[in-house]
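The structure appears right after this line, and notes come after that.
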2 protein chains.
Amino acid sequence: MTQITNDLYQVKEKMYVATDCIIFGFHQGKLKLLVFKRKLEPLQGEWSLIGSFVQLDEDLEVAGQRVLKETTGLEDVFMQQLKTYGRKDRDPGYRCISIAQYALIRIDEYDEKLVEEHGARWYEIDDLPVLILDHNEMVQDALLQLKHNARYKPIGFELLPEKFTIPQLQSLYEAIYQRELDARNFRKKVLSLNVIEKLDEKDKTTSKRGAFLYKFNYDNYQKLLKSGYNFEIA
Amino acid sequence: MTQITNDLYQVKEKMYVATDCIIFGFHQGKLKLLVFKRKLEPLQGEWSLIGSFVQLDEDLEVAGQRVLKETTGLEDVFMQQLKTYGRKDRDPGYRCISIAQYALIRIDEYDEKLVEEHGARWYEIDDLPVLILDHNEMVQDALLQLKHNARYKPIGFELLPEKFTIPQLQSLYEAIYQRELDARNFRKKVLSLNVIEKLDEKDKTTSKRGAFLYKFNYDNYQKLLKSGYNFEIA
DNA sequence: TATAATAAATGTAAAAAATACATTCATTAT
DNA sequence: ATAATGAATGTATTTTTTACATTTATTATA
């Protein structure tokens, strides 16, 4: 639970239902997490995931999207339920369960101003601060899930801009798997899946020669999924 | 939500938190699901998963185990959180989210009497009745998860008695994957993982020759897991 | 305008893993 | 003694994964 609306702990006479968002981004070859400085007591000033109570008339997914919108300005973000955290003593004072959802966003797209207003900051995933409650546990679980999913779904594309180069994609997968990959084998594998399309443009920000830009082909992806394919990318 | 404690729908002024259990068993070569006949209004007499509200002073996992204990008499059952179902209109009348957990149990061990008292019945998974609310969706999601997990963890062992034969194990995997496997390749693969131990006993219930019994070796399993192994079994 | 520098792009051979497939074995019942 | 039954076993082929070094396109600068 992240948004506590008064500043005194109270007795456990009611079950609260919250959602917390684990927001991943990818920037300059690094996988990053968006963390927030708590504005309310208790634990004011501590680092925390962003979250909110789930409203009575609100779907779970909608609650997650609402939090994302309020904090980053982004809509229709890729978001997936991770796990529900429900240890009876996870939040001292309240009895509160939290449905953790993780989001993948394209850092170049988010609304910087909104993020700043919320006292938020991007941290590299291998240099995270201590977070309140069980939030570090949530992040570690989400990282595991991300690694796992990246192996079987082309989930990584959510973290890149619409047009990206193969070296960029490789660098993302290296950040997720936390190990280096062979450029030839990676390219071979990714192209063999037939889910990215070569464009007639080059990105020249990282080399004189320039690297061709590609875009993700959702149609082919859907077809591949239906055919029962496995999608191991690296 | 399954256990509703009065018989009139009421307005949505409070968030309820329930847990529903998807109980899988394996018997005579078939993967089965334990379903229950609802005892209370609304929807009395309909087939349903078994569930309960989560108590204020109760961990989520404990709530699941409690339900299992009450309905099958079994304790320390293998159980895993599946997903939280939180559509705002999933339960007409109440606003109730449900944390679905799935359990794998050894059918020969469960307490038949307790199951009967609860008006429960085992259904083959490809012959399930219509269940209340979103329970059919929960079951389908759980089956997908089970298939997925069975591929990467030797999860299937939870569904077999402690001593089992390789043909039995194969038959279980065939039931989970819903396709036939090659006996030679299956045996080769399973033995190569080094997680089952041959015993000096045979099971002669299915053949004159008898098949050697094996038991699962949790220590080797843990070692293998730590070494980062993948565990694809079929 | 030639040259140096840089990251992008490419192919092949070896190793490992997955698959396809048919026969013999141990035991019991007749 | 023999027929019947499911259990157990090995090998060759195909597919997938891995390891590894050179050339290419472009820009900056000498």
Side-chain angles (χ1 to χ4, degrees), chain A residues 28-29 147 150-152 154 160-161 163-175 177 179-215 224 227-234, chain B residues 28-30 147 150-152 154 160-161 163-175 177-215 224 227-234:
Chain A
Q28 293 177 328
K147 271 188 211 185
R151 251 192 124 87
Y152 299 106
L160 290 174
K163 299 173 181 180
F164 53 85
T165 68
I166 292 186
Q168 274 166 21
L169 184 62
Q170 176 175 346
S171 145
L172 168 60
Y173 273 86
E174 288 177 335
Y177 295 153
R179 69 182 172 91
E180 296 197 345
L181 302 171
D182 178 273
R184 279 162 296 191
N185 295 338
F186 182 82
R187 181 179 293 263
K188 217 185 308 172
K189 190 65 194 270
V190 162
L191 289 174
S192 77
L193 296 177
N194 259 341
V195 294
I196 64 175
E197 262 173 48
K198 192 174 185 172
L199 301 174
D200 229 13
E201 288 172 77
K202 280 187 166 184
D203 169 78
K204 294 202 173 162
T205 55
T206 51
S207 80
K208 290 160 184 171
R209 179 180 179 174
F212 276 103
L213 287 163
Y214 288 77
K215 67 172 187 183
L224 207 53
S227 78
Y229 189 80
N230 220 351
F231 254 107
E232 261 193 83
I233 270 187
Chain B
Q28 292 175 329
K30 301 281 184 182
K147 270 188 209 185
R151 249 193 125 87
Y152 300 106
L160 291 174
K163 297 173 181 181
F164 53 86
T165 69
I166 291 185
Q168 276 166 20
L169 185 62
Q170 177 175 346
S171 144
L172 168 60
Y173 273 87
E174 287 177 335
Y177 295 152
Q178 292 170 291
R179 70 181 172 90
E180 297 198 343
L181 302 172
D182 179 273
R184 279 162 296 191
N185 296 339
F186 182 81
R187 182 180 292 264
K188 217 186 305 174
K189 190 66 197 268
V190 162
L191 290 174
S192 77
L193 295 177
N194 260 340
V195 294
I196 64 175
E197 261 173 50
K198 193 175 186 173
L199 301 175
D200 229 12
E201 290 171 76
K202 278 186 168 186
D203 169 78
K204 294 206 172 157
T205 55
T206 50
S207 81
K208 290 162 183 165
R209 181 181 178 176
F212 277 102
L213 287 163
Y214 288 77
K215 67 172 187 182
L224 207 52
S227 78
Y229 190 78
N230 220 352
F231 255 108
E232 263 192 82
I233 269 185

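Residue numbers start from 1 in every chain, and the chains themselves are labelled A, B, ... in the order their sequence lines are given, proteins ahead of strands.
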So do [Y] and [X] actually touch side chain to side chain, heavy atoms under 4.5 Å?
X: A:Y173; Y: A:L181; result: yes
X: A:V190; Y: A:V195; result: no
X: A:K215; Y: A:L199; result: yes
X: B:I166; Y: B:Y214; result: yes
X: B:F164; Y: B:L172; result: no

Closest listed nucleotide, where the reference is the side chain of [X] and the choices are [options]:
X: A:R209; options: D:dT24, C:dG11, D:dT9; value: D:dT24
X: A:A211; options: C:dA8, D:dA8, C:dG11; value: C:dA8
X: B:N185; options: C:dT10, D:dG10, D:dG6; value: D:dG10
X: A:F212; options: D:dT17, D:dT9, C:dA9; value: C:dA9

Could you tell me how far apart [X] ([atom1]) and [N] ([atom2]) are, to the nearest whole angstrom?
X: A:F164; N: C:dA8; atom1: CZ; atom2: P; result: 15 Å
X: A:L181; N: D:dT17; atom1: CG; atom2: P; result: 13 Å
X: A:Q170; N: C:dA7; atom1: CD; atom2: C1'; result: 12 Å
X: B:F186; N: D:dT9; atom1: CZ; atom2: C1'; result: 16 Å
X: B:R184; N: C:dT23; atom1: CZ; atom2: P; result: 10 Å
X: B:R187; N: C:dC25; atom1: CZ; atom2: C1'; result: 12 Å
X: B:K189; N: C:dA17; atom1: NZ; atom2: C1'; result: 8 Å
X: B:Q168; N: D:dA7; atom1: CD; atom2: P; result: 9 Å

To check you understand the geometry: which heavy-atom pair defines the closest contact between A:R187 and A:P167, and what is its length?
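Looks like NH2-CD, 4.2 Å.
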A:D182 versus A:Q170, closest heavy-atom pair with distance
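In this case the closest contact between A:D182 and A:Q170 is C-NE2, 4.1 Å.
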Please tell me which of A:G210 and A:D182 maps to the more 5' nucleotide of DNA chain C, matching each residue to the nucleotide holding its nearest heavy atom.
A:G210
Would you say a side-chain N or O of A:K208 is under 4.0 Å from OP1 or OP2 of C:dA8?
no
Working to the nearest 0.5 Å, report the span between CD of B:E201 and NZ of B:K163.
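Answer for the CD-NZ pair, B:E201 versus B:K163, is 3.5 Å.
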Under a 4.0 Å heavy-atom cutoff, the residues of residues 196-207 of chain A touching DNA chain C are A:T206, A:S207
Please list, pair by pair, any protein nitrogen or oxygen found under 3.5 Å from a nitrogen or oxygen in nucleotides 13-16 of chain C.
none

Has B:K202 got a side-chain atom pairing as donor or acceptor with B:R209's backbone, closer than 3.5 angstrom?
yes
